[in-house]
Student: 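A single structure is presented below for examination.
The chains referred to below are lettered A, B, ... by the order of the sequence lines, with proteins before strands, and numbering in each begins at 1. Given the structure is predicted, the values throughout are model-derived calculations rather than measurements.
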4 protein chains.
Amino acid sequence: MEYSEKQLQIMKKAEKLFAEKGYNGTSVRDIAEKAGINLAMVSYYFGSKEKLLEAVFDYRIGMTKQLLSDILHKTNLSSLEKMNLLIDVYVKKIIEQQPFNKILAREQVVNTTGHTANLILQMKRTYMDTVLSLIREGQKKGEFQKHIDVSLLMTTIIGTANHLVTTKHYYRQLNNYEELSDEAFNKLIEKKLRNHIKFILKASLTYES
Amino acid sequence: MEYSEKQLQIMKKAEKLFAEKGYNGTSVRDIAEKAGINLAMVSYYFGSKEKLLEAVFDYRIGMTKQLLSDILHKTNLSSLEKMNLLIDVYVKKIIEQQPFNKILAREQVVNTTGHTANLILQMKRTYMDTVLSLIREGQKKGEFQKHIDVSLLMTTIIGTANHLVTTKHYYRQLNNYEELSDEAFNKLIEKKLRNHIKFILKASLTYES
Amino acid sequence: MEYSEKQLQIMKKAEKLFAEKGYNGTSVRDIAEKAGINLAMVSYYFGSKEKLLEAVFDYRIGMTKQLLSDILHKTNLSSLEKMNLLIDVYVKKIIEQQPFNKILAREQVVNTTGHTANLILQMKRTYMDTVLSLIREGQKKGEFQKHIDVSLLMTTIIGTANHLVTTKHYYRQLNNYEELSDEAFNKLIEKKLRNHIKFILKASLTYES
Amino acid sequence: MEYSEKQLQIMKKAEKLFAEKGYNGTSVRDIAEKAGINLAMVSYYFGSKEKLLEAVFDYRIGMTKQLLSDILHKTNLSSLEKMNLLIDVYVKKIIEQQPFNKILAREQVVNTTGHTANLILQMKRTYMDTVLSLIREGQKKGEFQKHIDVSLLMTTIIGTANHLVTTKHYYRQLNNYEELSDEAFNKLIEKKLRNHIKFILKASLTYES
DNA sequence: AATGAATGAGAATTCATTCAT
DNA sequence: TATGAATGAATTCTCATTCAT
């Protein structure tokens, strides 16, 4: 699905508002105002508010799939290197696409059916398959231990990243980072998150009971 | 803050609806209907829809604080035992209070100020202090390694539990648990989650670089 | 179905407006203004604009059925007397309920399915059964001729009355009755219509080829 | 008024939609889509939606006037023959132009002033004059009885035809013609209507009190 | 002659809340 | 304590029309 410049412009503003106030907390009026367009243009370009949300999901999840596909096709890397690259890319994406991640974090709770839920499931499957193949590779080479619950391990990685990003204002207060600029704080948590996830992974994958 | 029977009855129905459809997606009419009361009674008992949400938070977070306080005062346990008990209690709570956890997961994203945000911050601080003191204890005794980012470790624990519970319908599909009854599935993920978190904790706290 | 005073008040104003401007040409705002109530009360009392229209149909068609039932149960009358009474009552109803008749004339054209169409069909069946039994009675007694297409005869009676009433402004102009008051004109056409239909009926039912 | 091919194409589609959903129930978008043209072309070709409706009336009523004029000028026919021809032509027109007749039936109820109302009045006058002169002719020759209310007689003819055609779906159900094809059913009611109107006319015009 | 974008007005409906009883 | 009626604001969406190209 391709989107015109105008559509992308609207989608970006909508994404921001959905992230800040939630889908139901955002009115089409809000979006039209922020995007500097007439109220009726949202229906004109997307059909409805819900279709606009779906467009945002389409767009972002499409990007994500592309990222994952790119990594898998880097045939010159070892499985551990691929895993590390995957973490780097994933964390970078999470930090850069914070607004969409907030929407995703909220919508996947209540939206259990429909087009959006389908997209989310597809994305989760793609992640799962990618990680699964990487871990199997590592296990074959003896780099990783045998007893790994990949699904739960992924829940941990995604849950950690999601929770940090969606509740970063609490993390900031609890750790006294309030004097940092937004930019600096984002840089900081990106680095911390990347290292932390890699640490958790290494500890889990190489743990000897 | 004490709540009357009638208030608790309303709060319970509201909690369920907020969890299923989100705060903004739930109307006062919905709540009144489900609770079998007159529409105006919501305002009468709570003042407003938002105050009702706050009451739910008050109530649930109060319960959680009590739980944590109980654990800390069990002076006859070792720090590792306390930590394990904490996990048991936390996971049990997460599973039992899934509706509230869904609300919490959603509201903490958009609600960054106000009474609710304050309650959440307090709760997080309580968790943080509890875990911090347990880990310091364990480090003193040489049971845990020295370099632990407690805040991120907690992010991992909470993030893992939250993500599993709020997106459990996806977890179910991805792992082919669709034939299980709701009850059986809840039992299963409670056990899995408990073990997984303990494993992650042990692997992290005892990791040797 | 019983309607409260308030509902009847709204239905009456709505009926008038629907008759004057058509269902689609009338806004809920119009109705609320004319009825002197708040805009939201229409939804409150009827659920929706369409349900309000259905209520009007329910009410008026219910009245009509009652009228027909009353006539049929007058056992002391001959079939010709019953027929004449039926015409009198029918024409009186048509004249008195001109607004509803305009709505009916318009809606039965486009509304071919749904609750409203069902009501109309029921009413038509009731009329048909009534007239059919009266004519069969008259034929048995030898008062009426044998070859009568009752369905088309009814189409003629109803069509004549409908057409006169719904296009009476044209009838008025074509026959130079413009100086008459509304009341006087209504009186006039009621009498003319009654006699005309009786004449057509007599001529048709007793025609000898 | 002459219309271009393009205009006629649009008018035809518009006529169909107006008949099916009513004028107010049909959007310019609907028409543009059905006609396979750009939305703005409706305004371009007709000025407005209302002018488009007027064009349809212009066109159809112009055709009707032509038909009537043709009959009147057939000097070789007797008045009874002319009357019969008039019925044939009228019924044929009613059946063939059902969509326009539905529009007419609806619009003449609510549209009591303006260009459209004028056109309708003109047409009615033309019909009236035609029938009046035919009946006067017949009365002079002694073929018809003296006391005839021509205006009401015409109301009966037009009303009968209108009612049958605009509510033919009910007629179909009431008389169990549902298994007939549309085409066959139209053929059937055309024949029935023609005979019925002629019968009513003959019975009325020759009735002896 | 035709198009796609745009607009402002208006549509029906739902909302949380209040008030008199 | 409880109710049903009422309100005004806000919701999303559709409408006919216009305009620049």
Student: Working to the nearest 0.5 Å, report the span between OG1 of A:Thr167 and CG of A:Asn162.
Tutor: 9.5 Å

Student: Please identify each residue that fulfils side chain to side chain contact (heavy atoms under 4.5 Å, CB included) with A:Ser4, with sequence neighbours left out.
Tutor: A:Lys6, A:Gln7

Student: Could you tell me whether a side-chain N or O of A:Gln9 sits under 3.5 Å from a main-chain N or O of A:Ala35, the two making a donor and an acceptor?
Tutor: yes

Student: Over how many whole Å does the gap from B:Glu33 atom CD to E:dA16 atom C1' extend?
Tutor: 15 Å

Student: Does atom NZ of D:Lys51 have more than 12 heavy-atom neighbours, drawn from other residues, nucleotides or ligands, at distances under 6.0 Å?
Tutor: no

Student: Out of curiosity, D:Thr166 OG1 to D:Asn101 CG, how far, rounded to the nearest 0.5 Å?
Tutor: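 Result: 8.0 Å between the selected atoms.
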
Student: Could you give all pairs that pass the salt bridge (charged side-chain N to carboxylate O under 4.0 Å, His left out) test and reach residues 12-24 of chain B, with sequence neighbours left out?
Tutor: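 Every pair satisfying salt bridge (charged side-chain N to carboxylate O under 4.0 Å, His left out) with a residue in residues 12-24 of chain B: B:Glu15-B:Arg60, B:Lys16-B:Glu20, B:Lys21-B:Asp30.
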
Student: Give the first and the last nucleotide of DNA chain F, reading 5' to 3', that has any atom under 4.0 Å from a heavy atom of chain A.
Tutor: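 Going 5' to 3' along DNA chain F, contacts run F:dT11 to F:dT14.
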
Student: Check each residue of residues 3-17 of chain B for a non-hydrogen atom within less than 4.0 Å of any atom in DNA chain E, then write out the ones that pass by number, or none.
Tutor: none

Student: Do A:Lys102 and B:Arg106 come within less than 4.5 Å of each other through their side chains, counting heavy atoms only?
Tutor: no

Student: Nearest 0.5 Å, what's the CD1-OH distance between C:Ile120 and D:Tyr170?
Tutor: 3.5 Å

Student: Once rounded to the nearest 0.5 Å, what's the spacing between atom OG1 of D:Thr64 and atom CE of D:Met123?
Tutor: 6.0 Å

Student: How many Å lie between CG on C:Asn24 and P on E:dG10, as a whole number?
Tutor: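 In whole Å, E:dG10 P lies 17 Å from C:Asn24 CG.
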
Student: Where each residue is assigned the nucleotide of DNA chain F containing its nearest heavy atom, which of A:Tyr23 and D:Ser27 is assigned the position nearer the 5′ end?
Tutor: A:Tyr23

Student: Please list, in numerical order, the residues of residues 35-58 of chain C that have a heavy atom closer than 4.0 Å to any atom of DNA chain E.
Tutor: C:Leu39, C:Ala40, C:Ser43, C:Ser48, C:Lys49

Student: Using 0.5 Å steps for rounding, measure from the CE atom of B:Met63 to the CD atom of B:Gln97.
Tutor: 4.5 Å

Student: Can you tell me how far apart OG1 (A:Thr116) and CD (A:Glu107) are? Round to the nearest 0.5 Å.
Tutor: 7.5 Å

Student: Which residue, C:Tyr3, C:Phe46, C:Phe100, C:Tyr23, forms the side-chain contact (heavy atoms from CB on, under 4.5 Å) with C:Val56?
Tutor: C:Phe100

Student: Do D:Tyr45 and D:Leu52 make a side-chain contact, defined as non-hydrogen atoms from C-beta onward lying under 4.5 Å apart?
Tutor: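 A side-chain contact is absent here, since even the closest heavy-atom pair is not under 4.5 Å.
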
Student: Would you sketch DNA chain E in dot-bracket for me? Only Watson-Crick or G-U wobble pairs with both distances under 3.5 Å count, crossing pairs as [ ], other-strand pairs as |, the rest as dots.
Tutor: .||||||||||||||||||||

